[in-house]
Amino acid sequence: PGHIVPDHFQIRQDSHMTIAEELASFVVRVSYDDMSYEARHQMKIRILDSLGCAIAAVEGEPIRYIRQQIEDFGGREHSTLIGGGRTSPDRAAFYNSALTRYLDFNDFYLAEGESCHPSDNLGAVLAALEYAGGDGADLMTALAVSYQVQARISDEAPVRHKGFDHTTQGAYAVAAGVAKALGLDANRTANAVALAGTPFNALRVTRTGALSHWKGLAYPSTAFTCTHAAFLAMRGVTGPPEVFEGNKGFMDSIAGPFEIDWGKEDLERVVRTAVKKYNAEGHSQQSIEGVLELQAEHGFTGADVERIEIDTFAVAYNIIGGGEEGDKTVVESKEQADHSLHYMVAVAILDGQVMPEQYEDERIKADDVQALLRKLVARPIDDYSARFPDEMVNQIRVYLRDGRVLTRDKTDYEGFHSNPMRWETVEAKFDGLCEPYTDAALRGEIVDAVRRLESVRVEDFAGLLARINIPRG
């Protein structure tokens, strides 16, 4: 495991380097020592947060189906599955990424024309590093590479408006992070990027209209296929070198021209990502926090509400507010509920929280929440949109039956990059999510391992995650 076949080619070191080669040079160049103290601290917070989300998802419906498929198909036992069992690195990347993503409770990154969830890369990087025999510093570095690549391509080459999903940029992030985890040279890293970026350009229909299991499985599928691609590059398989700039390449076919100087990139983008306070789509966090603040101050109930108006920025309106991605008052499943501002705000008022239990089928279909969600109206405000993504600007107005109008203006929430979540808060979130599947001792071991991650072997870290208790039957 981890053996690299001798290189067949030398990467060009002149002005004619392809963009994939420039990106590969960045991946090979950066190291753990390049991460600031704050970047390391924030990365540990996101790893602990992601693991809490993953452990809490072990009983999810599609998660059961994926485990059944892995148990049926098998796979060389190189990498650990959260909750026990071992399989090939690409299948472990799929399963563990599906766990991280399923609840839609993991971190997110906001660019002007794109949003994504960089912690979606954890499952792939973890599987590859267990194969390669790395340690926690290697894990943090490879994951920071994935964060940087995904965030910067999202900044400069958004594709949502073209009808493509953010997993399209994620293909490059997975390939870069796995290549770093495997210690590939620049040539093989460039080929990993090309092999991943060429075939896996996903459609945005994943997140529009009637949502399905695929909303939570699209990036895990990217983790699966692009981990596989990076391992092919490790063996010596080559891909189109001009995947970005070539004829019918990413720029020509999808994104349009853009520039990123990979020679100047660092590993600091993780500090610009946000941790979720509520189990809800990222653009809804400030709305939920705001309405719960109003409720705490004024003591109203769902029965007191005449209507709710939320003025927000265009991205939030289009994705979760009833804009271009569909009617958000039709909510019949978890996937629809956690992408409906109407549902998430309504259930927050009724239950005082938005956590995994708010997405149980019985809760989604209950009369009280179905009635209240139809009383919410969202609209985009140009000025608010102009301040995005540096701020998440909202004005919330709750009209009560007694004639009062309660108003709250928000520009962020606890967990946004301008208002970071403390370690203690994330640890409490982790404990709450994991309690049904772990005892206090195991939770303490995992938290301690993340806190001192640099000194922990990935194999030992994965062994802790294998001890998660998944109810059988």
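- Residues T273 and R269 form no side-chain contact, since every pair of their non-hydrogen atoms from C-beta on lies 4.5 Å or further apart.
- A side chain to side chain donor-acceptor pair (under 3.5 Å) check over residues 164-181, counting only residues at least two apart or in different chains, returns the pairs E114-Q169, D165-T167, D165-R204, D165-R207.
- L433 places a side-chain heavy atom less than 4.5 Å from the side chain of P356.
- Residue A192 comes nearest to A175 through the heavy atom pair O-CB, 3.5 Å, listed as atom of the first residue, atom of the second, then distance.
- Applying the side-chain hydrogen bond (donor to acceptor under 3.5 Å, both in side chains) test to E259 and every residue at least two apart in sequence or in another chain returns nothing.
- Closest non-hydrogen pair, G123 versus N96, comes out as CA-CB, 4.2 Å.
- The neighbour count for E454 CD, taken as heavy atoms of other residues, nucleotides or ligands under 6.0 Å away, is above 12.
- With salt bridges taken as basic N to acidic carboxylate O contacts below 4.0 Å, none links D107 and K276.
- With contacts defined as side-chain heavy-atom distances shorter than 4.5 Å, the pair L110/F313 does not qualify.
- Distance NZ/K328 to CG/L376: 13.5 Å, rounded to 0.5 Å.
- Within a 6.0 Å radius of CG in D382, no more than 12 heavy atoms belonging to other residues, nucleotides or ligands are found.
- A cation-pi contact links R40 to Y32, judged by a cut-off of 6.0 Å to the six-membered ring centre and 45° from its axis.
- Between R86 and E130 a salt bridge is recorded (basic side-chain N to carboxylate O distance below 4.0 Å).
- For E268 and S36, the side-chain atoms include at least one donor-acceptor pair closer than 3.5 Å.
- Annotation: cation-pi geometry not satisfied between K277 and F105 (NZ/CZ under 6.0 angstrom from ring centroid, within 45° of ring axis).
- Inter-residue side-chain proximity for D412 and V393 is flagged as unmet; no heavy-atom pair is nearer than 4.5 Å.
- Closest heavy-atom contact between A223 and A124: CB-CB, 4.2 Å.
- Using a cutoff of 4.0 Å between basic side-chain nitrogens and carboxylate oxygens, D104 and R101 are scored as salt-bridged.
- For R29, the CZ atom sits in a packed shell: over 12 heavy atoms of surrounding residues, nucleotides or ligands are nearer than 6.0 Å.
- A donor atom on one side chain and an acceptor atom on the other are not found under 3.5 Å apart for S31 and D33.
- Residues I470 and I82 approach most closely at CD1-O, 4.0 Å, considering heavy atoms.
- Salt bridge present: D155 and R152 bring a charged side-chain N and a carboxylate O closer than 4.0 Å.
- Between F94 and F224, a ring centre-to-centre spacing shorter than 6.0 Å is recorded.
- Here the closest non-hydrogen pair linking G170 and T222 is C-CG2, 4.0 Å.
- A distance of 10.5 Å separates CE of M140 from CD of Q42, quoted to the nearest 0.5 Å.
- Between K334 and D361 there is no salt bridge, since no side-chain nitrogen of the basic residue lies less than 4.0 Å from a carboxylate oxygen of the acidic one.
- You'll find the side chain of F461 reaches within 4.5 Å of the side chain of L51, heavy atoms only.
- Ring pair Y147/Y109: centre-to-centre distance not below 6.0 Å.
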